[in-house]
Amino acid sequence: MAKPLPEASPKSSTGSVRAVRTGGGLSVRVDPRAALVFLLLTGVAFAASVVLIGSGDFRIAPGDVVATLLGNGTAAHEFVVQELRLPRILVGLLVGASLALSGSIFQSLSRNPLGSPDVIGFGQGAAVGALGAIVLFQGTALAVAGGALVGGLVTGVAVYLLAWKRGVHGYRLVLVGIGVAAVLTAVNHYLLTKASLVDATRAVLWMTGSLDGRDWTQVWPLLAAFVLLVPVVAWYARPLRVLEMGDDAAYALGVPVERARLVMMAAGVLLMAAATAAAGPIAFVALSAPQLARRLTRSPGPGLAASAAMGAALLLVADWVAAVAFGDRQLPVGVVTAVLGGCYLLWLLVTERRAGRI
């Protein structure tokens with residue numbers, strides 16, 4: 001098991017952080033490097049969005065895509081972009097950002113780079129809820145999404161209660177989560193054995209994680225959850241940063257430790273569950289995106305904005321790879337993220353071992 005996240009290197013000292021004062025007397029701390037990384041990753045996500053919108057059987061030049069998004073496209077372009085391709089891209093952006101934010105939250109709370117929601121059981125819990133809706137009730141797409149949301153929330157509550165012992169500490173949270181994930185994986189396999197051939201095929205396709213067929217009915221609920229939860233996460237960003245120093249230091253600095261931890265865990269579970277409900281359990285984005293963002297920003301804290309931008313860019317780039325790397329046969333994006341994320345996990349474990357942290 002990996003030890004707590006390492007302290008910032010000298011390059012990431014707070015000396016590079018600047019305080020920006022507004023006219024109303026407010027002071028906002030800005031890290032120029034983190035802001036630059038966020039802008040660059042946002043640009044990558046936008047570029048990937050334009051390329052993906054223009055790809056397909058009906059190809060559209062990037063300039064025409066931008067013109068159509070600004071309301072200056074032809075009728076044919078308007079239909080293809082607005083009705084067929086833009087919803088898929090928006091789901092990808094929101095899912096990637098939500099998974100990355102959830103991963104950043106749980107890695108900070110557990111003080112462990114392996115403390116990702118798809119490692120500690122929340123993704124598996126959402127999958128149990130969705131498979132139950134498919135296998136047991138032959139539910140509609142809306143019922144499957146609702147089952148995933150309920151499954152993720154119930155798993156989050158269960159992990160929190162099982163990990164509670166005069167508070168919830170990172171090492172115990174990860175261990176309990178891994179155990180719960182193993183149990184829920186077995187439940188998923190059992191549900192698949194009980195399913196009919198049609199339901200099993202549908203369930204396996206959902207469990208792979210895909211953006212195919214996503215439309216505005218998936219965009220609006222996911223967007224509503226994102227808009228509601230992001231301000232909560234932003235409000236508790238500073239307590240989350242302090243919690244990485246340990247509970248004793250957080251108490252000494254006046255942070256309401258258990259309330260902050262509970263609120264952030266709830267926000268992280270809801271973000272993960274909403275993303276899973278919209279696109280299925282897309283693997284490793286929650287694990288790798290926060291770590292990649294942290295390495296780019298060299299920030300001592302969770303770097304929530306950069307993590308969200310990294311998750312969005314990473315998922316869309318993976319979707320582009322899935323679309324073009326295998327000829328006419330397009331793979332679900334979850335397959336590509338699993339391959340890339342698995343390679344990243346192996347690299348992370350090797351570097352952590354060489355550093356003496358595992």
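Since this is a predicted model, take the numbers as computed values, not measurements.
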CA sep, side-chain torsions, deciding dist, call: F122, V180, side chain to side chain contact (heavy atoms under 4.5 Å, CB included): CA-CA 9 Å; F122 302 131; V180 169; over 6 Å; no
S98 side chain vs V95 backbone, donor-acceptor pair below 3.5 Å: no
Derivation and outcome, side chain to side chain contact (heavy atoms under 4.5 Å, CB included), residues L271 and V233: CA-CA 10 Å; L271 284 167; V233 173; 4.3 Å; yes
Heavy-atom pair with the smallest gap, counting every atom of S307 and A289: O-CB, 4.3 Å
Side-chain heavy-atom pair P87, R214 within 4.5 angstrom cut-off: no
T337 versus A318, closest heavy-atom pair with distance: CG2-CB, 3.7 Å
Salt bridge present between D215 and R88 (N-O < 4.0 angstrom): no
Spacing of CG belonging to L184 relative to CG belonging to L191, to within rounding of 0.5 Å: 10.5 Å
Q124 (side chain) donor-acceptor with D118 (main chain) under 3.5 angstrom: yes
In one Ile/Leu/Val/Met/Phe/Trp/Tyr side-chain cluster, 4.5 Å: F79, V81: yes
Distance-minimising heavy-atom pair for A313 and V44: CB-CG1, 4.0 Å
F284 side chain reached by L340 side chain, heavy atoms, under 4.5 Å: no
Audit row: R202, V144, side chain to side chain contact (heavy atoms under 4.5 Å, CB included) steps and yes/no: CA-CA 11 Å; R202 181 185 174 198; V144 173; 3.5 Å; yes
Any side-chain heavy-atom pair of T155 and V128 under 4.5 Å: no
Those residues that, when tested against S196, pass side-chain hydrogen bond (donor to acceptor under 3.5 Å, both in side chains) (two or more places apart): D199
Joint hydrophobic cluster, L90 plus F226, side-chain heavy atoms closer than 4.5 Å: yes
Remaining members of hydrophobic cluster (4.5 Å side-chain criterion), L346: none
Hydrophobic cluster membership, I105 vs V263, 4.5 Å side-chain cutoff: yes
Beyond-backbone contact of M265 with F106, side-chain heavy atoms, under 4.5 angstrom: yes
Close side-chain approach of L315 and D319, heavy atoms under 4.5 Å: no
Rounded distance (nearest 0.5 Å) linking atom CD1 of I60 with atom OG1 of T74: 7.5 Å
Pair L304-L240, side chain to side chain contact (heavy atoms under 4.5 Å, CB included): steps then yes or no: CA-CA 10 Å; L304 297 174; L240 184 65; 4.3 Å; yes
L316 side chain near S49 side chain, heavy-atom distance below 4.5 Å: yes
V50 reachable from L94 in the ILVMFWY side-chain graph, under 4.5 Å edges: yes
M310 CE to T42 OG1 distance, which is reported to the nearest 0.5 Å: 10.5 Å
For S110 against V174, the heavy-atom pair lying closest together: CB-CG2, 3.7 Å
With sequence neighbours excluded, residues passing side-chain contact (heavy atoms from CB on, under 4.5 Å) with T201: L197
Donor-acceptor under 3.5 Å (S102 side chain, G268 main chain): yes
L262 reachable from V269 in the ILVMFWY side-chain graph, under 4.5 Å edges: yes
Which atom of A34 lies closest to which atom of T297, heavy atoms considered: CA-CG2, 3.8 Å
Spatial distance of atom CG (L101) from atom CG (L229) [nearest 0.5 Å]: 9.5 Å
Heavy atoms of other groups near W216 CH2, more than 12 under 6.0 Å: yes
Side chain to side chain, V119 and I178, heavy atoms closer than 4.5 Å: yes
Test item: R85 side-chain N/O and S55 main-chain N/O as donor-acceptor pair under 3.5 Å: yes
Plane angle bin for F58 and H77 - parallel if under 30°, tilted between 30 and 60°, otherwise perpendicular: perpendicular
Separation between CG of L131 and CG of L136, rounded to the nearest 0.5 Å: 9.0 Å
Which atom of G209 lies closest to which atom of I282, heavy atoms considered: CA-CG1, 3.9 Å
Beyond-backbone contact of W206 with T276, side-chain heavy atoms, under 4.5 angstrom: yes
Whether S104 side chain and A100 backbone form a donor-acceptor pair below 3.5 Å: no
Separation between OG of S108 and CE of M264, rounded to the nearest 0.5 Å: 7.5 Å
